[in-house]
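Notes to accompany the following structure.
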Amino acid sequence: MAESPSSGGVFSSCSLYFVRRGDLGLSRINTMSQRVKDKGGQVIQDITSTFIDEEGREKKELNPAITHIVVAKTLSRQGFLRFLHDSSLTEESISTGRAKVVRDEWMTKSSQTGKRQNDEAYLYQFTESAPSAPSSASRSAAASGGSDSHTTPPPPLPQQQQQQQPHPVVKQEPEDELAMEPHVGEGFGLGEDGEELMIEGGEDGTVDYTKPSLERNKWMAEHFTELSKGYKASSDQWRHYTYSRAAKFIAGLDKPILSADDIAGQQGIGPRVREKVQELLDTGKLQRLNNFKKDERLQALRSFCQIWGVGPSMAGRLWARGFRTLDDIKKHPEALDTDRQRRCLKYVDDFALKMTRAEVESIYQRVCEKAAELLPGELHLELCGSHRRGETHLGDIDILVTRTDDREVGTEVQRILDSLSGEGFIVDTLSMSEPDKGKAVQGGIPHPEDPGHPSVTFLGVCWPDRSGPKRRIDIKMWHRSEFPFALVHFTGAVGSGHFNRVIRQHAIHMGLHLSEHKLCKAMRDSKRKADHRPGNRRAAQDKIWQGQVIPCESEEEIFAALGIECRPPERRVPDQALMLECSKENALKKMHWFWPDAMVLDRSGSPLVKRQKIEHKAEEHAAIKDETLTQTQHQGEDQNHHHQHQREERLAVPAKVLELLDRQKRMCDSHRGVGVGPRIVKQPPAAEKKAEKKEARVKTEGEGEGEVRVKMEDD
DNA sequence: GGCTGGCAAACA
DNA sequence: TGTTTG
DNA sequence: ACAGCC
């Protein structure tokens, strides 16, 4: 079997079953199944098979054909047990069966590397174990020896083997092979520099958690940030997101929280967050967070994620292979996948150091000078990111460049970089985009009259001061017409991009599409979980047919178009006011700004209140129109008042938006004399897919739920 | 109870 | 393609 | 072990 990979495919003689729970959804299972089959494996549909016992009764057992049961690594033990129960299997039948229960990474990694990964390194721990116990190591040790010769690097398994349970640290002094500047001793696991201290003690006086204060709010927010980071490292993106959002929300409150009820009922704040606020008020700490701190594995994952280019997935694999600390990895850099990661391993300590605003500004200055020297008067540079948001401890430098004229972006950034590299200022490139690729795929099928402009993105490392640390620097160049969108995008990316997510969702609700390049009308082919069986076809993608762009010359105009307050950079956070402004109802009231002929109705013509996906498809226009007519006709007076209702709810079109629409019209006219209204570039590919979809929709409508649709009446 | 959750682009 | 980043 | 929506 060690030799088989080349002959029969990676998965030859494997029969996999995918557990559709947790993060392993249908669409992912479909794609994975396809790959397994392509590479010589089999996918089994039923986890059980029935047999007839002596008394002639039907019984179920674990399907003996299965060699591997693939489980989402984030699926909880309980979730897995529930799955077993639902499949009328017992825990025991699994443990005694021949099928190996492996995490989904086993499959993706095997497929990626073209080498079947060692099962034992990817075992899914569903048997009894403390949530944190890294008990797998011992088992894999025994098993790995023989079969394992072809898994990626030789078994690096440092001395940790034996350490597993008794974790009392054993911080054996690293022999510092990679001569690091000893800037920070850095206990990882703790947040980035010192936040932990602030939580526990408070640097300037401890926070009195029994007394309401804004300080106490911040203190609570930090707890949520810690939770969020923990979940991030364990690849639980949604809890990461939720807690991170909660942290931002609480930190942004302008009134002290008096009781847990103060935050209840806010958009995005649910029972779990409320409970935890309560717990903080009652006990001054969070049990969950304490568990996190004790969780050796989690702390290791967090430290691994400090390497730029290593995320939760890679971190999990490193842990599975026996690495426990960053030092372990420094001793075995070959454990990392790419050269870039190995380079970034050396930057870990430097990148953990924050900069002052002045430092950032002087770096910005240096780039500005170079720009002025090479291309005098041609470029405009702006500091974005956390600096623009007014923060004081900065992790990186984020510079946005545009031409002062309307010419397309070319090699300007490259020239600046070349020169600065020659001076030893830029010392590494982590990622560099090809200037001409910029306009290729931006956010779906582009509008035929306005496919967008090329842009350039550089992510790299600079070394402003030979005696100081190296710094992360991003330089991006956009076409002038798209510059404001880039500004919004690269300023709003707080934390996990909460602000961007909220306003983009809002745009979607208005039937628009907001990206870092443009704002445009959009037709979305909504992403549905396909009801295909695994292996057949892929789930429908969330395709966007881009409609007309809505040109905005400033951030102000972008916010105006979305009908929300133009916030100064430092207020680009998802606070209560924003969530309110961006509620679905509001979006729907504003929709007619850009879809003047659209009526938003459910099937019976009643005014919509809920429903998120705005779905429409070009080629259904005709059909919809007919439907609309017949409906509105024979609905008669009965429905009339509904329409009035809806009209009443509409928000008046602001002057600014009229201006934008006017500008849009002028641009269109001058461009090509194109009429207003969405132009469809491409028809959705498979005819049958559409048929299916139509059917599905009719069905839901028939069931009375009623999709909201935007119905267009032709211009 | 099940599904979705902002987006795009580079890299291997 | 999945993973990671901004 | 999250929140909001059908």
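Only this structure's heavy atoms are used, side chains among them; waters, hydrogens and symmetry mates stay out. Note on naming: letters A, B, ... go to the chains in the order of the sequence lines (proteins, then strands), and numbering restarts at 1 for each one.
- Atom pair A:Leu318:CG and C:dT4:P shows a separation of 10 Å (rounding to whole Å applied).
- No aromatic stack links A:Tyr231 and the base of D:dA1, using centre distance under 5.5 Å and interplanar angle under 30°.
- Counting any heavy atom pair closer than 4.0 Å across all strands shown, A:Gln341 reaches no nucleic acid atom.
- Residue A:Ile269 is in sugar-phosphate contact alone, with no base atom involved, counting any heavy-atom pair closer than 4.0 Å across all strands shown.
- Atom CZ of A:Phe485 and atom C1' of B:dC7 are 15 Å apart (whole Å).
- Between B:dA8, B:dC11, D:dA1, one nucleotide has an atom nearer to the side chain of A:Ser431 than all others, and that is B:dC11.
- Taking side-chain N and O atoms only, A:His509 has no distance below 4.0 Å to OP1 or OP2 of B:dG6.
- For A:Arg272 and D:dC2, the shortest distance from a side-chain N or O to OP1 or OP2 is below 4.0 Å.
- Checked for salt-bridge contact, A:Glu516 and A:Arg504 meet the test: a charged N lies under 4.0 Å from a carboxylate O.
- A side-chain donor-acceptor contact under 3.5 Å links A:Ser244 and A:His498.
- The phosphate of C:dG6 (OP1 or OP2) has a side-chain N or O of A:Trp308 nearer than 4.0 angstrom.
- An OP1 or OP2 oxygen of B:dG6 is reached within less than 4.0 angstrom by a side-chain nitrogen or oxygen of A:Tyr241.
- Of all nucleotides listed (D:dA3, B:dG6, D:dC2), B:dG6 comes nearest to the side chain of A:Asn500.
- We find that CG of A:Asn291 is positioned 9 Å from P of D:dA1, with the value rounded to whole Å.
- Separation of the P atoms belonging to B:dT4 and C:dG2 is 16 Å when rounded to the nearest angstrom.
- For A:Lys232, the NZ atom counts as loosely surrounded, since its 6.0 Å shell holds 12 or fewer non-hydrogen atoms of other residues, nucleotides or ligands.
- Across the protein-nucleic acid pair, A:Lys518 atom NZ and B:dC7 atom P stand 14 Å apart, rounded to whole Å.
- Residues meeting the side-chain hydrogen bond (donor to acceptor under 3.5 Å, both in side chains) test with A:Glu581, sequence neighbours left out: none.
- Remark: the A:His453 side chain and the A:Glu482 side chain contain no N/O donor-acceptor pair separated by less than 3.5 Å.
- The side chain of A:Ser433 approaches B:dA10 more closely than any other nucleotide in the set C:dT4, B:dG6, B:dA10.
- Ranking C:dT4, B:dC11, B:dC7 by closeness to the A:Arg504 side chain, first place goes to B:dC7.
- In this structure, A:Asp474 reaches the sugar-phosphate backbone alone: every heavy-atom distance under 4.0 Å involves primed, P, OP1 or OP2 atoms, never a base.
- A:Val502 comes within contact range of no nucleotide atom at all, as no heavy-atom separation falls under 4.0 Å.
- Taking the C1' atoms as reference points, D:dC2 lies 25 Å from B:dA8, given to the whole Å.
- Rounded to whole Å, atom P of B:dG6 lies 18 Å from atom CG of A:Leu519.
- Side-chain N/O atoms of A:Arg288 include one lying less than 4.0 angstrom from OP1 or OP2 on D:dA1.
- When the P atom is compared between B:dG6 and D:dC5, the two are found 14 Å apart, to the nearest whole Å.
- Atoms CZ (A:Phe249) and P (D:dG4) sit 11 Å apart, rounded to a whole Å.
- One atom, CG of A:Leu298, and another, P of D:dA1, lie 14 Å apart when rounded to the nearest Å.
- Among the nucleotides D:dA1, B:dA8, B:dG6, the one closest to any side-chain atom of A:Arg239 is D:dA1.
- No engagement by A:His498 is indicated, since no non-hydrogen atom pair under 4.0 Å with the nucleic acid exists.
- Residues forming a side-chain hydrogen bond (donor to acceptor under 3.5 Å, both in side chains) with A:Arg389 (at least two apart in sequence, or on another chain): A:Glu391.
- The side chain of A:Lys476 has C:dG6 as its nearest neighbour among D:dA3, B:dA8, C:dG6.
- For A:Gln267, the listed nucleotide lying nearest its side chain is D:dG4; candidates were C:dT4, D:dG4, B:dG5.
- Side-chain atoms of A:Leu383 and A:Ile397, non-hydrogen and from C-beta on, do get closer than 4.5 Å to each other.
- Following rounding to the nearest Å, A:Phe224 (CZ) and D:dA1 (C1') show an atom-to-atom distance of 14 Å.
- At least one side-chain nitrogen or oxygen of A:Arg472 sits closer than 4.0 Å to the OP1 or OP2 atom of C:dG6.
- Listed candidates were C:dT4, D:dC5, B:dC7. Nearest to the side chain of A:Met314 is C:dT4.
- The side chain of A:Val273 sits closest to D:dC2 out of D:dA1, D:dC2, B:dG6.
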